[in-house]
Amino acid sequence: MAITFDAYRAQLRGSLIQPGDPRYDETRKVYNAMIDKRPRLIALCADVADVIASVNFARENQLLLAVRGGGHNGGGLGVCDDGLVIDLAGLRGIRVDPAARTVRVDGGCRWGDVDHATHAFGLAVPAGIISTTGVGGLTLGGGIGYLSRRYGLTVDNLLSADVVLPEGRLVTASANANEDLFWAVRGGGGNFGVVTSFEFRAQPVRNVIAGPTLWPLERAAEVLKWYREFIPNAPTELNGFFAFLTVPPAPPFPQALHLKKMCGVVWCYTGDPAHADEVFAPVKGTEPALYGIHELPFPMLQRAFDGLYPPGHQWYWRADFVNELSDEAIARHVEYGAQMPTMQSSMHLYPIDGAVHRVGRKDTPFIYRDAKWAAVIIGVDPEPANRDRITTWCKNYWEALHPYSAGGAYVNFMMDEGQERVRATYREHYDRLAQIKQKYDPGNLFRVNQNIQPAGK
Ligand SMILES: Cc1cc2nc3c(=O)[nH]c(=O)nc-3n(C[C@H](O)[C@H](O)[C@H](O)COP(=O)(O)OP(=O)(O)OC[C@H]3O[C@@H](n4cnc5c(N)ncnc54)[C@H](O)[C@@H]3O)c2cc1C
């Protein structure tokens, strides 16, 4: 017999929000304000028992089920229409083991929570570039950021995960237990269950030498050609992502540059400070218009863009992996970079090399181990009236550059773009993921994600 609503509600420690509740509209929001979904129920889970009860209730009552970690997903995959949302924001515990250099992180944590906890011990887990992003979604898709060249993707630092499966059973996946599931969650997204706890290896990172260098847009082609040669040959202690950007009208940027469209690289050096001048000498040699590199605590770098990108703005994303940045591709980048429609719209190229290339392409679902860059185009603006402008620019830019790409995109930089794009993301790993999906979630209960369809269905 299906679990009744009253029995479910009585089981929960957390709150259950429904339409009509004064908290409903605030609670159904996700980071991207373009997403406007109306769930039937939102379970603000307080603990793993609440997650299990919610999975059981959704399954037994055939409700569409969404799982929200940090709610940052561009396509709004942390929420759904007319179903049940499991919100993990109440699961925020963290325990660092400084001797073992590991950290255990609850499924609803944001990266800022992890940075804060690990920094006290001079440690960090490789993640993204914004502190408000959820640990859940970012990790399950791969995790690209400032520490990737030196220490690999976030999934390359994952030691184990506690997963609530569709039948409501909690299992641990690691190199020694449920190995197929452990393989699948290191890039296969939220397809296999709710991860209530992640265990990561933490890396020795305390202060970094970091910050932006900016050049006028007129030098963009020259800078991109220099960057494509420089980064793959730079020591892995140095990371730097390229960006087309509009300079924010605020300190620390000099007034003369405010609101200017420019190109830049945001650097992060984790090596021996005694060698920093030598490592950055070629960067200085390019004579940037702004050289903003200095020493700072790693969590401060992680928070540097939080103010520029608060929740509640309109976002439209497009992405691809890139093997080569040809002169022709650079010419197209320069053309579309110059047309950025709003102050926060941007294009980033994240290096995919160093430690990321040292992990075998079969070792995790993240198959683009041989790509050199992850490119992402983001149209962003607070104003809903600009929704079409940012979307059109983003799509046109992507269509112009897609022919120069490796074919698929980093799964966490995609909107809800359909099965063809999901297959392009996983290439020949898709079939293995589909087999594992068939084993753990044959009914596709977890389908509000970049969906892997169970094999044979
Ligand atoms: C401003 C911004 C900056 C970003 N920068 C980076 C970056 O530098 N590097 C990078 O790699 N990515 C980056 N991303 C992309 C980010 O990784 C994805 O948006 C990711 O999906 C966010 O995870 P979340 O938990 O916040 O999202 P949510 O919207 O909550 O979830 C996304 C997906 O993951 C699933 N999920 C989340 N948590 C769990 C869980 N515990 N168990 C099971 N399933 C779960 C959800 O069901 C959903 O399908 C950025 C995103 C934004 C908005």
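Only heavy atoms go into these numbers, but all of them, side chains included; no hydrogens, no water, no symmetry mates. Start at 1 and go down the list; that is how both ligands and their atoms are numbered.
- Ion pairing between R28 and D36 holds under the 4.0 Å rule for side-chain N and carboxylate O.
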Contacts under 3.5 angstrom, residues 122-136 side chains, donor-acceptor by atom type, not counting sequence neighbours:
| unit_1 | atom_1 | unit_2 | atom_2 | d |
| --- | --- | --- | --- | --- |
| S131 | OG | D306 | OD2 | 2.4 |
| T132 | OG1 | H72 | NE2 | 3.2 |
| T133 | OG1 | H72 | ND1 | 3.0 |

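- Side-chain atoms of L433 and N191, non-hydrogen and from C-beta on, never get closer than 4.5 Å to each other.
- Protein residues having at least one heavy atom under 4.0 Å from any atom of ligand 1 are Y31, V67, R68, G69, G70, G71, H72, N73, L77, G78, L88, G107, G128, I129, I130, T133, G134, G136, G137, L138, L140, G143, I144, G190, G193, V194, V195, W315, W317, Y410, N412, F413, V448, N449, listed by chain and number.
- The side chain to side chain contact (heavy atoms under 4.5 Å, CB included) search around P19 returns Y24, not counting sequence neighbours.
- Checked options K439, Q435, R432; the residue passing with D180 is K439 (criterion: side-chain hydrogen bond (donor to acceptor under 3.5 Å, both in side chains)).
- Contacts of I52 classified as side chain to side chain contact (heavy atoms under 4.5 Å, CB included), with partners at least two apart in sequence or in another chain: V48, N56, V164.
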